[in-house]
Amino acid sequence: MDTPDALDLEIQAAAKKRARAEKAFNDADRELRALLVQGRAEGKGPSHMAKLTGFTREWVAKIAPAPSSS
């Protein structure tokens with residue numbers, strides 16, 4: 001079996017770091033999306049939440065459409 005050299009170890013470390021960052025991003029994204037949906041359910045508009053997040057109004061409206069009135 002080949003012994004990993006310094007570059008192999010750096011590649012492995014970078015891959016692990018990327019996987020941790022991806023998980024952190026996905027967790028934060030899931031949390032934000034849930035909060036946007038909650039905000040819409042509580043009557044907050046997409047323009048207001050767009051100002052809070054820095055995302056576009058259209059993106060917020062796509063993630064958290066107006067709750068159905070049924």
Side-chain angles (χ1 to χ4, degrees):
M1 184 166 144
D2 291 331
T3 303
D5 62 15
L7 181 56
D8 291 345
L9 295 174
E10 286 185 62
I11 291 170
Q12 288 176 330
K16 288 178 184 176
K17 184 177 178 181
R18 183 192 181 284
R20 286 191 304 270
E22 184 176 16
K23 182 185 180 318
F25 171 82
N26 288 335
D27 291 348
D29 188 58
R30 199 170 14 265
E31 178 183 10
L32 176 59
R33 288 169 184 256
L35 288 168
L36 293 174
V37 170
Q38 180 182 345
R40 284 304 297 256
E42 293 181 11
K44 295 187 184 299
S47 294
H48 173 73
M49 292 190 293
K51 289 177 189 174
L52 297 173
T53 63
F55 292 104
T56 65
R57 179 203 173 287
E58 291 77 16
W59 185 84
V60 171
K62 178 180 166 189
I63 300 306
S68 58
S69 56
S70 29

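Quick note: residue numbers are just sequence positions, from 1. Everything quoted here is computed from the prediction, not taken from an experiment. All values below were derived from every heavy atom in this structure, side-chain atoms included, with hydrogens, water molecules and symmetry-related copies excluded.
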Flag if over 12 foreign heavy atoms under 6.0 Å of CD, E58: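 Atom CD in E58 is packed in, count exceeds 12.
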Atom [atom1] in [X], atom [atom2] in [Y]: separation rounded to 0.5 Å?
X: L36; Y: T53; atom1: CG; atom2: OG1; value: 6.5 Å
X: T56; Y: K62; atom1: OG1; atom2: NZ; value: 9.5 Å
X: L35; Y: R30; atom1: CG; atom2: CZ; value: 12.5 Å

Closest heavy-atom pair and its distance - P67, R40: CG-O, 3.7 Å
Closest approach of G39 to M49 (non-hydrogen atoms, all atoms of both residues): CA-SD, 3.9 Å
Steps toward side chain to side chain contact (heavy atoms under 4.5 Å, CB included) verdict (F55, I63): CA-CA 11 Å; F55 292 104; I63 300 306; over 6 Å; no
